[in-house]
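Report on one structure; see the data block that follows.
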Amino acid sequence: MTTPTPKPARLRPRDRDTIISSLRSGVVPRAGFQYIQVGRAAEVSAMSREITRIADGGSAVRFVIGEYGAGKTFFLNLVRSIAAERKLVTTAADLSPDRRLHASGGQARSLYAELMRNIATRSTPDGNALPSIVERFVTSAIQESTSAATSPATVIAGRLELLSESVGGYDFAQVIAAYWKGHDTGNEQLKSDAIRWLRGEFATRTDARAALGVRTIVDDSSFYDHLKLIARFVRLAGFSGLLVCLDEMVNLYKLAHTGARKSNYEQVLRIVNDCLQANVEGLGFCFGGTPEMLMDTRRGLYGYEALRSRLSENNFAVGGLVDYSGPVLRLANLTPEDMHVLLERLRHVYAAGDPATYLVPDEALAAFMQHCASRIGDAYFRTPRNTIKEFVNLLAVLDQNPGTDWRQLLGNVSIDTETNPDLEPLPDELDTSDPNGTDELTSLRI
């Protein structure tokens, strides 16, 4: 049974409103996890150990697997907040039809650009932290040059020499050197161009060469190589490493074209191999997906044999036994006790931390859970997104209609079982790939 932890202190109105508005929309709040986190202590501990490994210069990869609506996105955001406290740089993005790991039409570069926009540190938790990271690198180099009685340019060149050995590292080092030059001469345009290049915002090599004198840009083919460079660079800037969280992996599962799906899974395999074999330094990946995305042997990760062998789960972890050390981390279901604690915390957050203004008594929490159980069974705590949303909606009505009896409203609360739209057949799948998945040409007309 989950033991209720002491209720948090009063919330600022801004924090309270941010959490409530996000939950009412069925999305995860960007902050305030400590106010509503319950259960899953073992999973959090496992990820904390992975973060420690990354901070020590190692690497890690985890596939966070959970049912649709079970809280994967919340868990990934919680992991990012833990990583930020350990001085890691974090970033996250959702995969989509326009953002993939592998592509030839700019989708991989679009994913990289999104990751760079969302890059965050403990002091800049809302993203867009790349300029401050580069500035910190330059500042630390200036401080080192002062103590060593040498020029900052010499110190920077010495540090960047480590990057020049990596794929794409020479031009990366040239861009950082250009930023230093802009910093030293007060050329804000040069600094801005350097940041644009690091973010993957240059569309052509011609523009990059004219602005910075480099011959390459971040493109679809170099997406992963540049992530590895960023991971090494943030360590040179004084951080512990880089944690990349990629959610909505189901968008790869939904790719109708077999060749495109296979190419993306090959990129996933490359990341898995590098992290498991410690070929990268200070870099970790967390992928979020559903059980179908992982285990479907036709379109899922298990459909790619090399990934299946690496991601297969421990055969001895059966009959209630668990193993949280493998690359696949399945989110355990919340228990009814966890759900009760969660409702208590939601009530506390809605009241901005003031018990005197609670809108419903403890009796209402038990009655609400019983109502949910009678409507959709145990799904109300296994996949709690809809349950949370409706409970917050109930509190909103009580808040705006003083004197309303919660008992009268309870019967009108509509709770539906979460359905996964990703399991619906793809309408154009039969048009884009043959039953054998070979995508061979079946007819030709000239």
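At least one donor-acceptor pair under 3.5 Å links the side chain of Ser45 to the backbone N or O of Ala41. Looking only at distances, no side-chain donor or acceptor of Ser110 sits under 3.5 Å from a matching main-chain atom of Gly106. Put simply, the side chain of Asn128 never gets that close to the backbone of Asn118: no donor and acceptor are under 3.5 Å apart. Between the side chain of Trp197 and the backbone N or O of Thr216, at least one donor-acceptor pair lies under 3.5 Å. In this structure a side-chain-to-backbone donor-acceptor pair under 3.5 Å is missing from Arg86 to Ala55. In terms of modelled atom types and a separation under 3.5 Å, the side chain of Ser374 and the main chain of His371 share a donor-acceptor contact.
You'll find the side chain of Trp406 stays beyond 4.5 Å of the side chain of Leu409, heavy atoms only. Side-chain contact between Leu246 and Leu115 is present, with heavy atoms from C-beta onward closer than 4.5 Å. You'll find the side chain of Met116 reaches within 4.5 Å of the side chain of Ile230, heavy atoms only. Two residues are said to be in side-chain contact when any heavy atoms from C-beta on lie closer than 4.5 Å; Ile119 and Thr90 fail this criterion. Looking only at side-chain heavy atoms (C-beta outward), Met369 and Leu365 stay at 4.5 Å or farther from each other. Thr357 is listed as a side-chain neighbour of Asp354, based on a closest heavy-atom distance under 4.5 Å. You'll find the side chain of Leu346 reaches within 4.5 Å of the side chain of Leu343, heavy atoms only.
Annotation: cation-pi pair Arg136/Phe239 present, NZ/CZ under 6.0 Å from the ring centroid and within 45° of its normal. Both tests pass for Arg159 against the ring of Phe137: distance under 6.0 Å to the centre and angle within 45° of the axis.
Residues Tyr179 and Asp193 have side chains that never bring a donor and an acceptor to within less than 3.5 angstrom of each other. Using a 3.5 Å distance cut-off with no hydrogens or angles, the side chains of Tyr302 and Asp296 do not pair a donor with an acceptor. One side chain, Ser221 or Asp219, offers a donor N or O that lies under 3.5 Å from an acceptor on the other. Looking only at atom types and distance, the side chain of His102 has no donor-acceptor partner in the side chain of Gln107 under 3.5 Å away. A donor atom on one side chain and an acceptor atom on the other are not found under 3.5 Å apart for Ser240 and Arg235.
For Ala306 against Leu269, the heavy-atom pair with the smallest separation is CB-CD2, 3.7 Å. Between Arg40 and Glu43, the shortest heavy-atom distance links the atoms CA-OE1, 3.2 Å. Across all their heavy atoms, Val360 and Arg347 have their closest contact at O-NH1, 3.0 Å. Minimum interatomic distance between Phe202 and Ala211 (heavy atoms only, all atoms of both residues): CZ-CB, 3.9 Å. The two residues Tyr350 and Ala396 come nearest to each other via the heavy atoms OH-CA, 3.1 Å. For the residue pair Gln37 and Arg345, the shortest heavy atom distance occurs at O-NH1, 2.5 Å.
Taking 4.0 Å as the cut-off between side-chain N and carboxylate O, Lys228 and Glu281 do not count as a salt-bridged pair. Between Arg14 and Asp17 there is no salt bridge, since no side-chain nitrogen of the basic residue lies less than 4.0 Å from a carboxylate oxygen of the acidic one. In this structure, Arg407 pairs ionically with Glu363, as a charged nitrogen and a carboxylate oxygen lie closer than 4.0 Å. In summary, Asp323 and Arg330 do not engage in a salt bridge, as defined by a charged side-chain N under 4.0 Å from a carboxylate O. Ion pair Arg196/Asp207 not flagged as a salt bridge, since none of the NZ, NE, NH1 or NH2 atoms sits closer than 4.0 Å to an Asp/Glu carboxylate oxygen.
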Test side chain to side chain contact (heavy atoms under 4.5 Å, CB included) on Ser166 and Asp225; report intermediate values, then the result. CA-CA 8 Å; Ser166 303; Asp225 291 324; over 6 Å; no
Show the numbers, then the answer: is there a side-chain hydrogen bond (donor to acceptor under 3.5 Å, both in side chains) between Arg99 and Asn251? CA-CA 9 Å; Arg99 294 197 290 266; Asn251 279 287; over 6 Å; no
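From Leu242, atom CG reaches atom CZ of Phe233 across 12.0 Å, with rounding to the nearest 0.5 Å. For the atom pair CG (Leu227) and CD1 (Ile271), the distance works out to 7.5 Å, reported to the nearest 0.5 Å. Here the CG atom belonging to Asp171 is positioned 7.5 Å from the NE2 atom belonging to His226, to the nearest 0.5 angstrom. Arg80 CZ to Cys286 SG: the interatomic distance, rounded to the nearest 0.5 Å, is 10.5 Å.
Within 6.0 Å of the CG atom in Asn315, the count of heavy atoms belonging to other residues, nucleotides or ligands does not exceed 12.
The aromatic rings of Phe223 and Tyr112 stand perpendicular to each other, their planes meeting at an angle above 60°, with 30° marking the opposite boundary.
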